[in-house]
Every structure is written in structure tokens, then in C-alpha cells.
There are 2 protein chains.
Amino acid sequence: MTEDGTLTRPPHTGVRVSGEHPMCELRDVLDRVGDKWSVLVMSLLGDGSRRYSELQHSIEGISQRMLTLTLRSLERDGLVTRTVTPTSPPRVDYALTPVGVTLSEQVSALMRWAEEHRGYVAESRVRHDAGSS
Amino acid sequence: MTEDGTLTRPPHTGVRVSGEHPMCELRDVLDRVGDKWSVLVMSLLGDGSRRYSELQHSIEGISQRMLTLTLRSLERDGLVTRTVTPTSPPRVDYALTPVGVTLSEQVSALMRWAEEHRGYVAESRVRHDAGSS
DNA sequence: CGGCATCCCGAGAGATACTG
DNA sequence: CAGTATCTCTCGGGATGCCG
């Protein structure tokens, strides 16, 4: 994310894999999925729409700045919608779009993988760290 | 990754989602998947084992440092194996473990998602950027 | 060939303060 | 309440140089 508020993905170092795979578009998705806050937000919105403040309090440790930046980015990509209800005090609700739902389902698949293999990974680490003591 | 060479995921700011979801283990996976180089390496190893130098030349733009760090990290997590053949000159081959293969399959699923929806995301961005001119 | 050690820089995360 | 603006500082990661 750039300083000026726009969320244009900056200078990918022009990565290119041998077999001419379409890695570029994959990177966009991976940047999304790899983003700490995006995933947490999408995970919460998977259970239904939430207000800004609900998100802020549900996600322990996120700053206002990062929450806003994350939501703007998700909105820009058409993954979440932002609905303003101009009451007083104002109310803003966020929800996943249909496409956003499909991505969050992919993330769920990844969560399942994580749960299935977390023991294995943990053991591997212990074993590895013990060996190279 | 820490300075001293260990790859212990440092100070996660103690993220915790409302409903006591097991986000912690998910983060490990997402850090893996979100990592630019890890994914590229696993993608290449998905086609069979590779030598260090093959990986380095196949992945345009990766530095020695990053390739080594990435491989060590993947090895530590039990996702790739490192096989040294002490010939002269020495030869080192890397390959996915069975569990590594299952993760790379998840990544493939994500790639499919990316291809299916990349047009949508691109359009959303254009539309959004046009609107908020 | 296949690394590790060192120096260095800039993007990006957090904290804080202000606004419609 | 729901943001924007600014300032600071960490640390990911590139470049370079040396070892087994």
C-alpha cells in the first residue's frame, strides 16, 4: 500500500517463473490471502455483515489505520461492500460480495489444511530445531 | 525471519479474533502461502525435485539470501526435503514432502480461483478508481 | 557449487492527534 | 461513530563478500 492512500500494488520485482506460468495474477490473490488483516476481516464478514466498530473490537490489535486501509482495499477489489447509513451518529456496514464469499471459502479450505497438518508442522519444527542445536 | 538465522515467527501482535477461532495456526499457513518466494519454490518443486542452482535460475529475481532462507524455512516446517550429495562439486537437491505436496495442491486451488476471478477484480479496481477520481 | 555473514535502505505497520 | 493525517521506526530483503 502506498502512502498517498491508493492501494496499487507497487513494484513487483517482475517475477517470472520458468514455464511461463501466470504468476502475476496469482500474486494479487496471494497478497490478499497473505495479508494478516484481510483474512481476519473476511473471516469475520463470512458470518454476516459487520459495522466498522464491531470489526475494530473483534480484531484485537488492529489499528484504525490498518482496518480502514484493509477495508478500502477489499472494497476496491470488489470483495466487500461498504454501506453507509447516514443516521446520527453515522453507521457503516461492511459485507462480503458474492465473489468475496468464494474467496473466503478458499481461505476456509486453507484453514482446514492448517488444522489437519498443524501437528505435523509443529513436530517438524521441534525436530529440526533440536537437530541443528 | 529473525536476524540470527532462526525462522521463528516473531512478535505476532497477539492477534485474537472474537469467537476464539484458532487463528494462530492459520497464521502460520497464511504466512507460508502469503510469502512470495515460498509459493514460487513450492510451485516449481511440484513438478519434481530441483537443484539449488536450478531454482535460482528458474525464479527470476530471487536473491541467494532469500532462496536459502525460504528453503530453510520450508525444510523446517517439513514441507521440503534437502538432500546433499557430497560429490565434488557438491550437489543439493530439494523436493516436496508428501505434506508439502498437499499444501501445494491447496495453492493450486487458489491459483484456479485467481484465474477465474481475475477479470472481475481488475474491473472492480478500474470502476472503483474511476469513481473516486 | 552452495551456502552464511554483514551492511544498508525503503516500504509499511503502529501510535497519536484531529475532523465531518 | 467512522474515519483522515502525520510522524516515527521496525525489519524484510537486496547487494556484496567470504567459506567448505
Side-chain angles (χ1 to χ4, degrees), chain A residues 1-15 30-32 34-41 49-76 80-94 132, chain B residues 1-15 27 31-32 34-41 49-76 80-94 132:
Chain A
M1 304 183 180
T2 51
E3 334 280 281
D4 59 344
T6 68
L7 297 166
T8 319
R9 289 295 167 196
H12 287 165
T13 338
V15 181
L30 293 176
D31 286 347
R32 259 274 82 74
D35 184 45
K36 186 177 175 177
W37 305 120
S38 289
V39 174
L40 293 174
V41 166
S49 78
R50 295 290 150 89
R51 299 185 57 170
Y52 183 92
S53 51
E54 288 181 307
L55 292 172
Q56 188 171 13
H57 292 121
S58 296
I59 304 175
E60 193 92 4
I62 196 172
S63 62
Q64 286 186 330
R65 172 190 159 84
M66 282 296 98
L67 180 54
T68 300
L69 244 36
T70 300
L71 288 167
R72 288 285 174 282
S73 177
L74 289 167
E75 189 194 1
R76 185 172 114 100
V80 311
T81 56
R82 183 178 120 101
T83 312
V84 183
T85 314
T87 57
S88 182
R91 174 196 177 99
V92 182
D93 288 276
Y94 293 91
S132 62
Chain B
M1 303 184 178
T2 51
E3 334 280 283
D4 59 345
T6 69
L7 297 165
T8 319
R9 288 295 167 195
H12 285 165
T13 338
V15 181
R27 276 254 52 84
D31 286 347
R32 261 274 82 74
D35 183 43
K36 185 177 175 177
W37 305 121
S38 289
V39 175
L40 292 174
V41 167
S49 78
R50 295 291 151 88
R51 296 187 58 171
Y52 182 91
S53 50
E54 288 180 308
L55 291 172
Q56 188 170 15
H57 292 122
S58 296
I59 304 176
E60 191 93 3
I62 195 171
S63 61
Q64 286 186 332
R65 172 189 161 83
M66 282 295 96
L67 180 53
T68 300
L69 245 36
T70 300
L71 288 168
R72 288 287 173 281
S73 178
L74 288 167
E75 189 194 0
R76 184 172 115 98
V80 311
T81 56
R82 185 180 121 102
T83 313
V84 183
T85 314
T87 57
S88 182
R91 175 198 177 97
V92 183
D93 288 275
Y94 293 91
S132 63

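The sequence lines fix the lettering, A, B, ..., with proteins before strands; numbering per chain opens at 1.
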For the CG atom of A:Leu71 and the OH atom of A:Tyr94, what is their distance to the nearest 0.5 Å? 5.0 Å
Per [X] side chain, nearest of listed nucleotides [options]:
| X | options | answer |
| --- | --- | --- |
| B:Ser53 | D:dT4, C:dG2, C:dA13 | C:dG2 |
| B:Arg51 | C:dG2, D:dC1, D:dG14 | C:dG2 |
| B:Asp35 | C:dG3, D:dG13, D:dG3 | D:dG13 |

[atom1] of [X] versus [atom2] of [N]: gap in Å, rounded?
| X | N | atom1 | atom2 | answer |
| --- | --- | --- | --- | --- |
| A:Ile62 | C:dA15 | CD1 | C1' | 14 Å |
| B:Arg72 | D:dG13 | CZ | P | 17 Å |
| B:Ile59 | D:dG13 | CD1 | C1' | 15 Å |
| A:Asp31 | C:dA11 | CG | C1' | 13 Å |
| A:Gln56 | C:dG14 | CD | C1' | 13 Å |
| B:Leu55 | C:dC1 | CG | C1' | 14 Å |
| B:Met66 | C:dG2 | CE | P | 19 Å |
| B:Leu40 | D:dG13 | CG | P | 12 Å |

For nucleotides 16-20 of chain C, which of its nitrogen or oxygen atoms have a protein nitrogen or oxygen under 3.5 Å away, and what is each distance?
| residue | atom | partner | partner atom | Å |
| --- | --- | --- | --- | --- |
| C:dA17 | N6 | A:Gln64 | OE1 | 3.4 |

Is any side-chain heavy atom of B:Leu40 closer than 4.5 Å to one of B:Leu55? no
Do B:Leu69 and B:Trp37 make a side-chain contact, defined as non-hydrogen atoms from C-beta onward lying under 4.5 Å apart? no
Would B:Arg32 and B:Leu74 count as a side-chain contact (heavy atoms from CB on, under 4.5 Å) here? Give the steps. CA-CA 8 Å; B:Arg32 261 274 82 74; B:Leu74 288 167; 3.3 Å; yes
Closest non-hydrogen atom pair between A:Arg51 and A:Glu54, with its separation: N-OE1, 2.7 Å
Please tell me if A:Trp37 has a side-chain N or O lying less than 4.0 Å from either OP1 or OP2 of C:dG14. yes
Does OP1 or OP2 of D:dT4 have a side-chain N or O of A:Tyr52 closer than 4.0 Å? no
Pairing residues for A:Arg91 by the salt bridge (charged side-chain N to carboxylate O under 4.0 Å, His left out) criterion, not counting sequence neighbours: A:Asp93
Residue list, side-chain contact (heavy atoms from CB on, under 4.5 Å) with B:Glu75, at least two apart or on another chain: A:His128, B:Arg72, B:Val80, B:Arg82
Return the 5'-most residue of the pair A:Thr68, A:Pro89 with respect to DNA chain D, ranking by each residue's nearest nucleotide. A:Pro89
